[in-house]
Amino acid sequence: MGHLDHAALGWLTPALSYAMACTGAALGLRCTVRALAATGRSRRNWLVTAASAIGTGIWTMHFVAMLGFGVTGTDIRYDVPLTLLSLLVAMVVVCAGVFAVGYGRDRGRALFLGGLTTGLGVASMHYLGMAAVRLHGDVTYDPVLVGLSVLIAVVAATAALWAALNIRSPVAVTLASLIMGAAVSSMHYTGMFAVSVRVTPSGEALPGATAMQFIFPLAVGLGSYLFLTSAFVALSPTAGEREASASAQRPLESVAH
């Protein structure tokens, strides 16, 4: 059996991956709050932004953490199409969950279906990302820990959507995002502890790209997207601020006429 190292770069990758999960969660919550206060095309656009933020945060968290993953006795490569597919899955399923909550009339039913869909999607993204791993050996999973990781994903997703429906203040959003980041990280490492690798030494070159060739640049790009979008959301006026501005303009227009 190959020895698995989940923090080959020390605490850098766990800490950075947690930060990415929290950032995506916070941005997604803020966007969902904006969406619920909007209507029409504006609501749809905010929900799409929320889904992309949460999906990007979860995916980036997973693969930043994978930068610290190593197995003694073998190199590791990543199948590029499967890795990109895992990103697409994360985006699509989170979008489905967020839209279910954003447009659902029965909030309880929408929360259950949205949380279940999103949680299963997050778990699918994780294990699809693991299926993209290429190494010299055979990978097996502990079914109990796999089941636990899926359960954590569903609970975390449901809690995230509940927070999006019920939390409004920036302080509460910050606290909720820290909890959600911890839940997503817990799901990831529970899934990783389910992994066992039986190494088969070989001199053959592995197919795919190294983490630094592909994963790192993509994670940096998506992380930059999260931070730039966070700045845009922070600077854009809320519905209340727009109403206040419009109310302030009316007396001025009356005086002018």
Euclidean distance, Met180 CE relative to Ile58 CD1, rounded to 0.5 Å: 7.5 Å
Value rounded to 0.5 Å, distance of CD1 in Ile54 from OG1 in Thr32: 5.0 Å
Side-chain H-bond candidate by donor/acceptor type, Ser86 with Tyr127, under 3.5 Å: no
From CE (Met66) to OG1 (Thr60), nearest 0.5 Å: 14.0 Å
Flag side-chain contact, heavy atom, 4.5 Å: Leu4 against Val197: yes
Side-chain heavy atoms of Arg43 within contact of Leu47, under 4.5 Å: yes
Exercise: identify the closest heavy-atom pair between Met61 and Ala21: CG-CB, 3.7 Å
Test log, rule side-chain contact (heavy atoms from CB on, under 4.5 Å), inputs Leu84 and Val80: CA-CA 6 Å; Leu84 292 175; Val80 174; 4.1 Å; yes
Considering all heavy atoms, the nearest Ala100-Ala110 contact: O-CB, 3.3 Å
Derivation and outcome, side-chain contact (heavy atoms from CB on, under 4.5 Å), residues Val122 and Val150: CA-CA 8 Å; Val122 169; Val150 174; over 6 Å; no
Val64 versus Ser17, closest heavy-atom pair with distance: CG1-N, 3.8 Å
Nearest atoms (heavy-atom pairs only) where Ala153 meets Met187: CB-CG, 3.7 Å
Distance (rounded to the nearest 0.5 Å) between Leu222 CG and Ser52 OG: 10.0 Å
Smallest separation among heavy atoms of Gly115 and Ala157, with atom names: O-CB, 3.6 Å
hydrophobic_cluster_shared for Ile179 and Trp162, side chain cutoff 4.5 Å: no
Ile76 with Phe193, same ILVMFWY side-chain cluster at under 4.5 Å: yes
same_hphob_cluster(Leu175, Leu29) at 4.5 Å side-chain heavy-atom cutoff: no
Residue pair Pro217 / Met212: nearest heavy atoms and the distance that separates them: CD-O, 3.3 Å
In one Ile/Leu/Val/Met/Phe/Trp/Tyr side-chain cluster, 4.5 Å: Ile152, Leu178: no
Side chains of Thr49 and Arg34 in contact at under 4.5 Å (non-hydrogen atoms): no
Thr56 side chain to Ala53 backbone, donor-acceptor under 3.5 Å: no
Straight-line distance of Thr23 OG1 to Leu16 CG, nearest 0.5 Å: 9.0 Å
Trace of the side-chain contact (heavy atoms from CB on, under 4.5 Å) decision for Asp75 with Leu135: CA-CA 6 Å; Asp75 292 329; Leu135 48 75; over 6 Å; no
pair Leu226-Met20: side-chain heavy atoms closer than 4.5 Å: yes
4.5 Å side-chain heavy-atom contact, Val133 and Val139: no
Between Thr210 and Tyr78, a side-chain donor and acceptor under 3.5 Å: no
Rounded distance [0.5 Å steps], CD in Gln213 versus CZ in Arg77: 6.5 Å
Beyond-backbone contact of Thr72 with Val199, side-chain heavy atoms, under 4.5 angstrom: no
Donor-acceptor pair, side chain of Ser177 and main chain of Thr174, under 3.5 angstrom: yes
side-chain hydrogen bond (donor to acceptor under 3.5 Å, both in side chains) against Tyr141, all qualifying residues, sequence neighbours excluded: none
Test item: Ser42 side-chain N/O and Ala38 main-chain N/O as donor-acceptor pair under 3.5 Å: no
Check: Ser149 side chain, Val146 main-chain N or O, donor-acceptor pair, under 3.5 Å: yes
Phe216 atom CZ, over 12 foreign heavy atoms within 6.0 Å: no
Sub-4.5 Å side-chain heavy-atom contact between Val184 and Tyr18: no
Verify same cluster id: Leu67, Val195 (apolar side-chain graph, 4.5 Å): yes
Derivation of the side-chain contact (heavy atoms from CB on, under 4.5 Å) call for Leu27 and Tyr225: CA-CA 11 Å; Leu27 179 56; Tyr225 162 77; 5.6 Å; no
Side chain to side chain, Leu87 and Phe63, heavy atoms closer than 4.5 Å: no
OH (Tyr189) with more than 12 external heavy atoms under 6.0 Å: yes
Thr74 side chain vs His136 backbone, donor-acceptor pair below 3.5 Å: yes
